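What follows is a set of notes on a single structure, which appears directly below.
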Amino acid sequence: MYITQEIFPYLPETQISHISRYLPQAIQDKGHEIRTFMPKFGNINERRNQLHEVIRLSGMNLIIDDSDHSLIIKVASIQSARMQVYFIDNDDFFQNRETLVDGKGVEYDDNDERSIFFVRGVLETIKKLRWVPDVIHCHGWFTALAPIYIKKGYKDDPCLKNAKVIYSVYDEDFKKPFNEGFSEKLRFDTIGDKEIEDVKKRGKMDFVNLTKLAIDYSDGVVQGSENIHKELDKYITDKKIPYLGYSPDFENNVEKIDEFCDKIDA
């Protein structure tokens with residue numbers, strides 16, 4: 001299962017959107033069953049990309065910080081890859097917005113809540129699909145909360161309790177730390193006082209601290225970019241977590257990632 005913040009051609013081609021487009025296809029071509037999820041940002045043209053709502057999956061409300069937010073699920077197909085993509089949508093968080101920044105390049109103040117909604121929306125959709133992923137591979141900082149939700153918030157769910165989580169670290173960044181009080185918004189089922197206190201102790205939730213949080217709840221880490229933040233590079237080494245280094249050759253990288261997933265899932 002792939003959780004990613006962007007996929008080409010629905011959004012412009014970047015390192016993450018390129019990998020998120022071609023890696024799932026390559027893994028599928030090896031005989032694995034896949035599911036792929038991304039946010040339905042407002043600048044994705046639904047008509048041109050032939051998105052349609054999946055009524056049987058939509059209609060749930062997710063509560064974040066005591067506010068209800070309706071979950072809308074849409075789907076589209078990349079015909080040449082025989083690959084479906086599920087989109088997580090909501091009028092407030094995605095439909096009337098750009099991507100992670102507005103039209104002027106300014107990061108949205110509520111990116112913390114948008115990220116929580118996206119991740120929980122993906123996991124609730126998996127529950128409705130009754131699909132049991134062996135490995136969940138996360139791409140982009142907007143997915144960084146997936147590991148803690150999978151390992152803590154959904155740890156007793158039959159579809160997710162045995163899933164292994166892999167997090168790819170890229171050389172991306174964000175400038176505006178999450179809002180003060182962010183940790184309380186994580187509260188959900190088995191994410192309670194203990195987990196929230198742990199997040200609070202980490203201090204300001206900037207890019208580095210958010211990535212460290214993702215690493216701490218992952219079973220393996222992949223270096224997605226040639227160069228990553230030096231502090232994160234050291235953190236991964238010190239943790240001695242299963243780690244796959246960067247490979248510039250895509251075909252070779254697919255083989256290595258496939259083997260890495262098998263090793264993590266063994």
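Everything quoted here is computed from the prediction, not taken from an experiment.
Val106 and Leu11 end up in different hydrophobic clusters when Ile, Leu, Val, Met, Phe, Trp and Tyr side chains are linked at under 4.5 Å. Residues Tyr170 and Ile215 are members of one and the same hydrophobic cluster, defined by side-chain heavy-atom contacts under 4.5 angstrom among Ile, Leu, Val, Met, Phe, Trp and Tyr. Leu123 and Val132 fall into different hydrophobic clusters, where Ile, Leu, Val, Met, Phe, Trp and Tyr residues are linked whenever their side-chain heavy atoms come under 4.5 Å apart, directly or through other members. Under a hydrophobic-cluster definition in which Ile, Leu, Val, Met, Phe, Trp and Tyr are linked whenever side-chain heavy atoms come within less than 4.5 Å, directly or via other members, Ile63 and Ile148 are assigned to different clusters.
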Let me see the working for Ile3 and His139 under side-chain contact (heavy atoms from CB on, under 4.5 Å), right down to the final yes or no. CA-CA 6 Å; Ile3 309 177; His139 297 264; over 6 Å; no

Check step by step if side-chain contact (heavy atoms from CB on, under 4.5 Å) holds for Ile88 and Phe117. CA-CA 9 Å; Ile88 302 298; Phe117 181 88; 3.8 Å; yes

Would you check, one step at a time, whether the test side-chain contact (heavy atoms from CB on, under 4.5 Å) holds for Ile126 with Phe37? CA-CA 10 Å; Ile126 286 296; Phe37 292 83; 3.8 Å; yes

Go through Thr211 and Tyr167 one step at a time and tell me if the side-chain contact (heavy atoms from CB on, under 4.5 Å) criterion holds. CA-CA 9 Å; Thr211 306; Tyr167 188 77; 4.0 Å; yes

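In summary, the side chains of Glu172 and Gln5 do present a donor paired with an acceptor at a separation below 3.5 Å, with no hydrogens or angles considered. A donor-acceptor contact under 3.5 angstrom links the side chains of Thr14 and Glu6, judged on distance only. In the model, His32 has a side-chain atom that pairs as donor or acceptor with a side-chain atom of Asp258 under 3.5 Å. One side chain, Ser225 or Gln15, offers a donor N or O that lies under 3.5 Å from an acceptor on the other.
Figure legend: cation-pi geometry between Arg97 and Tyr108, with NZ or CZ positioned under 6.0 Å from the six-membered ring centre and within 45° of its axis. Remark: Arg120 qualifies as a cation-pi partner of Phe188 under the 6.0 Å distance and 45° angle criteria applied to the six-membered ring.
Atom CD of Glu107 has more than 12 neighbouring heavy atoms from other residues, nucleotides or ligands inside a 6.0 Å radius.
With Asp219 contributing its side chain and Ile264 its backbone, the two residues share no donor-acceptor pair below 3.5 Å. The main-chain N or O of Ile73 is never found under 3.5 Å from a side-chain atom of Asp89 such that the two would form a donor-acceptor pair.
Checked against a 6.0 Å centroid threshold, the rings of Trp141 and Phe207 do not count as neighbours. Between Phe87 and Phe41, the distance from one ring center to the other does not fall under 6.0 angstrom. Two rings, from Phe118 and Phe142, have their centers less than 6.0 Å apart.
Each of Lys194, Lys200, Arg202 was evaluated against Asp198; a single residue qualifies, Arg202, per the salt bridge (charged side-chain N to carboxylate O under 4.0 Å, His left out) test.
For the atom pair CD (Gln223) and OH (Tyr243), the distance works out to 3.5 Å, reported to the nearest 0.5 Å.
Note: Phe250 and Tyr22 have perpendicular aromatic rings, judged against thresholds of 30 and 60 degrees for the angle between ring planes.
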